[in-house]
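Below: the structure, in structure tokens.
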Amino acid sequence: MIVGVLKEIKIAEKRVSMTPAGVISMIRNGHDVLVEKAAGEGAGYPDSEYVAAGATIVDTAAGIYQKSDMVMHVKEPQPSEYDMIREGQIVFTYLHLAADEQQTHALIKSKSVAIAYETIEKDNGSLPLLVPMSEVAGRMATQEAAKYIEMPQGGMGILLGGVTGVAPGTVVVIGGGVVGINAAKMACGLGAKVYVLDTNLERLAYLDDVMPANCFPVMSNPTVLRDLVKEADVVIGAVLVAGAKAPKLLTRDMLKEMKKGAVIVDVAIDQGGCFETSRATTHDDPTYEIDGIIHYCVANMPGAVARTSARALTNATLPYAVEIANKGWKKAMQENMEIRLGANVVNGAVTYKAVAEAFDLDYTPIDTFL
């Protein structure tokens, strides 16, 4: 199979979907790898390293799409790429279709095989290709919040860890999954008072067992959330419903009751956001203010730490990419349920139920094509 690695074109996105080490592994499995010119430079991998690994450098994205059986991205295809996607071509990347109707219709029109990193799922319900970027995003959420709560950034001027004789800041993390626990770990490490809200008692028991004494796992409901955000200096939205649009948990009314100069970070923005007032921002223009509350809603947070992210992402995605390349998408899906669950749009049909429901589209089970 010919596998194409595309250069990211989303604003300030420096990650790359495959490192040179990944190229070596793919070639050892008998496949050819094409890499778009300068695709890895932002993550510290010059073209020369890809050539040394055995890849062929292609000048343009159009050339990659034209020649490749499977194309790999980090972020979803952008509008300028829609018409390049060929019928039957495998598109393997983060898609987040339930929050992107335009892209959904473009992939339907292309009749490609769109496999989403974020809906590949293990038997235990974990999402292995979301985990590495969720770890990065969770840790970055606290890091960014600590920066934007400083007065020069428009914040209230709180040091999250406090100092001797001065109480620490309060951080509320909504969601106790991978993003939430990593955000909470960072906040706890800074010395903040941290509340982690979740609706799963088993998860709360686990958090209670593993987190430090300044972390307080709490059963979430609208009343509890409303009370805690009034105390919060920082609120981090870390809610995920796999493949579906995120629920709006922090409402505009709650926002009005928060401290002026508080910071909210919506890590769920890729899936539409879990705050009612969220809208996607970029690394070039990351924040905006509503009702005196600073919103940080960057849709590709891990792109700011591209070197770490590219390595972590390749570690997670490469085994699946190799399996798809070795077997072809049909056999890979027949033999591996995890990959089958990644199928979002195939041959012009929506094959992931939550995406179909998001836009009132017909749903076609992937088994129809297998």
Side-chain angles (χ1 to χ4, degrees), residues 5-17 36-46 60-61 72-82 93-97 99-103 106 117-118 130 132-156 179 182-183 186 234-238 246 255 261-313:
V5 177
L6 289 153
K7 183 179 180 181
E8 300 303 313
I9 57 175
K10 197 159 188 172
I11 295 172
E13 178 56 75
K14 303 296 185 182
R15 287 175 290 180
V16 64
S17 58
E36 187 179 349
K37 185 177 180 180
E41 283 188 355
Y45 300 109
T60 64
M72 295 182 65
H73 246 315
V74 178
K75 293 305 293 178
E76 69 280 359
Q78 299 300 295
S80 62
E81 299 174 273
Y82 293 164
T93 183
Y94 289 116
L95 292 173
H96 300 291
L97 292 180
D100 193 340
E101 187 170 8
Q102 181 186 13
Q103 186 198 175
Y117 290 169
E118 73 273 8
L130 266 183
M133 295 303 96
S134 294
E135 289 177 341
V136 173
R139 295 180 185 207
M140 279 193 67
T142 298
Q143 185 171 295
E144 295 301 317
K147 177 170 70 178
Y148 284 101
I149 204 166
E150 295 174 0
M151 281 186 169
Q153 309 297 331
M156 66 173 69
V179 171
N182 278 276
M186 290 290 283
V234 169
V235 178
I236 295 172
L255 206 70
V263 175
I264 62 177
V265 179
D266 195 342
V267 188
I269 193 66
D270 272 331
Q271 294 292 105
C274 60
F275 305 152
E276 187 178 353
T277 48
S278 292
R279 58 175 172 81
T281 61
T282 67
H283 288 293
D284 288 351
D285 188 16
T287 64
Y288 59 94
E289 185 179 313
I290 295 178
D291 293 338
I293 308 302
I294 297 170
H295 292 57
Y296 181 97
C297 304
V298 175
N300 59 327
M301 290 174 64
V305 288
R307 293 193 182 207
T308 297
S309 296
R311 293 173 186 174
L313 186 62

Any donor-acceptor pair under 3.5 Å linking the side chain of [X] with the backbone of [Y]?
X: E36; Y: A61; value: yes
X: T93; Y: V74; value: yes
X: S134; Y: V179; value: no
X: E144; Y: T142; value: no
X: Q103; Y: L97; value: no
X: E118; Y: H96; value: yes

For the student: nearest non-hydrogen atoms of [X] and [Y], plus distance:
X: V136; Y: S309; value: CG1-OG, 3.8 Å
X: M301; Y: A137; value: CE-O, 3.5 Å
X: A299; Y: A280; value: CB-CB, 4.4 Å
X: L95; Y: P77; value: CD2-CD, 3.9 Å
X: A304; Y: M140; value: CB-CE, 3.7 Å
X: A306; Y: A43; value: O-CB, 3.9 Å

Side chain to side chain donor-acceptor pair (under 3.5 Å) partners for Q143, two or more places apart: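 Residues passing side chain to side chain donor-acceptor pair (under 3.5 Å) with Q143: none at all.
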Residue list, side chain to side chain donor-acceptor pair (under 3.5 Å) with K7, at least two apart or on another chain: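 Partners of K7 under the side chain to side chain donor-acceptor pair (under 3.5 Å) test: none.
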Could you state the interatomic distance from [atom1] ([X]) to [atom2] ([Y]), rounded to the nearest 0.5 Å?
X: M72; Y: Y117; atom1: CE; atom2: OH; result: 3.5 Å
X: L313; Y: R15; atom1: CG; atom2: CZ; result: 7.0 Å
X: Q153; Y: T287; atom1: CD; atom2: OG1; result: 8.0 Å
X: Q271; Y: D100; atom1: CD; atom2: CG; result: 10.0 Å
X: H295; Y: I269; atom1: NE2; atom2: CD1; result: 9.5 Å
X: D266; Y: I236; atom1: CG; atom2: CD1; result: 11.0 Å

Is it the case that over 12 heavy atoms from other parts of the model lie below 6.0 angstrom from the [atom1] atom of [X]?
X: I11; atom1: CD1; answer: no
X: K10; atom1: NZ; answer: yes
X: K14; atom1: NZ; answer: no

All side-chain contact (heavy atoms from CB on, under 4.5 Å) counterparts of T281, not counting sequence neighbours: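 Here the qualifying residues are R279, Y288, C297, V298.
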Trace of the side chain to side chain contact (heavy atoms under 4.5 Å, CB included) decision for H283 with E13: CA-CA 8 Å; H283 288 293; E13 178 56 75; 5.9 Å; no
Note, D270 side chain near Y94 side chain (heavy atom, < 4.5 Å):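 No, their side chains stay 4.5 Å or more apart.
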